[in-house]
There are 2 protein chains.
Amino acid sequence: MYSFTEENYLKAIYKLQEQSSESINTNAIAIVIQTKAASVTDMIKKLSEKKLLNYEKYKGVVLTELGKKVAIETVRKHRLWETFLHNKLNFTWDAVHDIAEQLEHIQSQELIDKLDDFLGFPSHDPHGDPIPGKNGEMKESNFVVLSDLREGELGIISGVVNHSSLFLKHLESNELILGKRILVQVIVAFDNSFQVKIEGKKILQLSNEVARNILVKKMK
Amino acid sequence: MYSFTEENYLKAIYKLQEQSSESINTNAIAIVIQTKAASVTDMIKKLSEKKLLNYEKYKGVVLTELGKKVAIETVRKHRLWETFLHNKLNFTWDAVHDIAEQLEHIQSQELIDKLDDFLGFPSHDPHGDPIPGKNGEMKESNFVVLSDLREGELGIISGVVNHSSLFLKHLESNELILGKRILVQVIVAFDNSFQVKIEGKKILQLSNEVARNILVKKMK
DNA sequence: TAAACTTTTTAGATTAGTCTAAAAATATTT
DNA sequence: AAATATTTTTAGACTAATCTAAAAAGTTTA
Ligand SMILES: [Mn+2]
Ligand SMILES: [Mn+2]
Ligand SMILES: [Mn+2]
Ligand SMILES: [Mn+2]
């Protein structure tokens, strides 16, 4: 139906829209897609003709309902494949994204529905991101960043903000894995770094930078 | 490494080579790939420059060792994905091929090795075709076509010659499924049709055309 | 508000893969 | 061995997606 490239543009624009609320400009898309602004302009025109987005020269783009639907379907496929790779094939969570970037473009509605079933209709992918349902419905997460917790507060690690392989590997090597309980013991006033305790055992010192990129479910 | 299209050409040429032993001509490739001879000539030149096949103008092509290796890897990926779709996602054996045509082009050695492991290192795909191993080694099947059996002989259904969806659906609806025992009761002299008994129960009348397209492992 | 800077668009090229139509080579018939 | 038919290759064009360089529009600064 839609090409590999079209799906990637729609997904990129969708993710930019999630953050900014304003219409998305050419350069922002170019940076995400890793291409030149001139190429983005060309593709935007094409997507506009196909009614996937609304475009006004020099004013950026906004996805139409159709464009949003296609983008969400692609995100759904991406996250289901990541879950498959992690849960069934034992890929580490830093390795799944690149392969899912390819798999997300396989065309078959039946495939993705059966995969969803096979995985037990998971609600979140290996990075804690919500998986859209068959009809595009997205469960909203009530996660907060670890850096929002105060001393003495407890959370369960539930996701990440930064998805880079470097960061994910760092977390894994420190047992900072999805599902683990994390207790904030001390917040150092000087640099806002966090001293935390994981599942009653290990004590770790986390920079504020790290704390800002870990999502937790806050516990009472 | 190699494009979607290049892999499809190599696979097509490989399959033609398996049958004919002579060098493969342009038209034959065009028919398999469903394209025009002129397009095949263009692609052949490209593959020749990349040392994937040897090409002499007007004399057809022969795969190099490298070309054969890439083709076999693609066949391996195709059949492993078909096995996954059938065994894990419960696709019927007539539905797996088209989706595997897409999946076979996903680039990741680690993915295919882990998939192989996850599936328990299967030796054959859902149509009874052998799955090449990690190093390209192909176990040779000692299957014969059902039409080679004589009256009173027993076989186990092990594969198909014709892979069309129409034929596969026909077999399935008659319980002619991989692994079932099949006994040749009568061969009708008039039209060489076969009266067979499946697993001690059902008696079926199969045209010679059908019998020629079922592979069986012959039992004593 | 005009100059300077930034962003976006256009113009023109490139690459991969495909096509049609015509030319060239090979194969088959007479 | 010609004539005819078939196959293969070439020539030139097209589409999707990309690029560079230059023009145009928009924004900021003085
Ligand atoms: Mn991802
Ligand atoms: Mn993608
Ligand atoms: Mn197949
Ligand atoms: Mn294929």
Side-chain angles (χ1 to χ4, degrees), chain A residues 1-13 16-17 19-63 67 70-71 74 101-102 104-107, chain B residues 1-13 16-17 19-63 67 70-71 74 101-102 104-107:
Chain A
M1 195 67 181
Y2 300 102
S3 76
F4 191 105
T5 310
E6 289 169 333
E7 288 182 349
N8 280 340
Y9 270 86
L10 293 172
K11 203 176 64 156
I13 296 165
L16 288 165
Q17 263 183 29
Q19 299 163 353
S20 73
S21 84
E22 284 161 50
S23 76
I24 307 305
N25 56 345
T26 306
N27 257 352
I29 298 168
I31 289 163
V32 175
I33 302 279
Q34 303 237 63
T35 187
K36 297 296 147 95
S39 307
V40 173
T41 302
D42 283 348
M43 180 57 68
I44 272 173
K45 284 183 190 161
K46 197 177 142 196
L47 296 175
S48 175
E49 267 162 36
K50 292 192 178 185
K51 309 281 182 203
L52 291 159
L53 47 77
N54 295 312
Y55 166 55
E56 265 193 282
K57 261 192 198 174
Y58 295 100
K59 303 237 166 131
V61 301
V62 178
L63 291 181
V70 176
T74 308
E101 280 295 302
Q102 297 181 62
E104 74 188 10
H105 303 294
I106 301 291
Q107 306 275 8
Chain B
M1 195 65 180
Y2 300 103
S3 77
F4 190 104
T5 310
E6 288 169 334
E7 287 182 348
N8 280 340
Y9 270 87
L10 293 172
K11 202 176 65 157
I13 296 165
L16 288 165
Q17 261 182 31
Q19 299 163 352
S20 74
S21 82
E22 283 160 51
S23 76
I24 307 304
N25 57 346
T26 307
N27 257 351
I29 298 168
I31 289 162
V32 175
I33 301 280
Q34 302 236 66
T35 186
K36 298 295 148 94
S39 307
V40 173
T41 302
D42 283 348
M43 180 57 69
I44 273 173
K45 283 183 192 161
K46 196 177 143 196
L47 295 175
S48 175
E49 266 162 36
K50 292 193 178 185
K51 310 281 183 203
L52 291 159
L53 47 78
N54 294 313
Y55 167 54
E56 264 192 283
K57 261 192 195 175
Y58 296 101
K59 302 239 165 127
V61 299
V62 179
L63 290 182
V70 175
T74 308
E101 281 295 303
Q102 296 181 64
E104 74 189 10
H105 303 293
I106 301 291
Q107 306 276 8

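All values derive from a computational prediction rather than experimental measurement. Every chain is numbered from 1 and lettered A, B, ... according to where its sequence line falls, protein lines coming before strand lines.
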Nearest-Å distance for atom pair CD1/P, residues B/Ile44 and C/dT18: 12 Å
Check: B/Gln107 side chain, B/Ser3 main-chain N or O, donor-acceptor pair, under 3.5 Å: no
Separation of C/dT6 P from A/Asn27 CG (nearest whole Å): 12 Å
Sugar-phosphate only, base, or nothing, as touched by A/Lys59 at under 4.0 Å among non-hydrogen atoms: nothing
Between P of C/dT20 and CG of B/Asp42, the distance in whole Å: 13 Å
Sugar-phosphate only, base, or nothing, as touched by B/Tyr9 at under 4.0 Å among non-hydrogen atoms: sugar-phosphate
Sugar-phosphate only, base, or nothing, as touched by B/Tyr55 at under 4.0 Å among non-hydrogen atoms: sugar-phosphate
Sugar-phosphate only, base, or nothing, as touched by A/Asn25 at under 4.0 Å among non-hydrogen atoms: sugar-phosphate
Expected output: side-chain A/Ser48 to main-chain A/Ile44 donor-acceptor under 3.5 Å: no
Any B/Thr35 side-chain N or O less than 4.0 Å from OP1/OP2 of C/dC19: yes
Touch class at under 4.0 angstrom, heavy-atom based, for B/Thr41 against every strand present: base
Short side-chain to backbone donor-acceptor contact, B/Glu6 and B/Met43, under 3.5 Å: no
Touch class at under 4.0 angstrom, heavy-atom based, for A/Ser39 against every strand present: base
Under-4.0 Å side-chain N/O to phosphate OP1/OP2 contact, A/Ser3 with D/dA16: no
side-chain N/O A/Lys57 vs D/dG26 OP1/OP2, d < 4.0 Å: no
Which nucleotide in D/dT9, C/dA11, C/dC19 has an atom nearest any side-chain atom of B/Ala37: D/dT9
Euclidean distance, atom OH of residue A/Tyr58 to atom P of D/dA23 [Å, nearest integer]: 13 Å
Any donor-acceptor pair under 3.5 Å from B/Thr41 side chain to B/Thr26 backbone: no
Shortest non-hydrogen contact between A/His105 and A/Phe4, atoms and distance: CD2-CE1, 3.4 Å
Between C1' of D/dA16 and CZ of B/Phe4, the distance in whole Å: 15 Å
d(NZ, B/Lys36; P, C/dT18) in whole Å: 12 Å
Whole-Å distance separating the NZ atom of A/Lys45 from the P atom of C/dT8: 14 Å
Euclidean distance, atom CD of residue A/Glu56 to atom P of D/dG26 [Å, nearest integer]: 11 Å
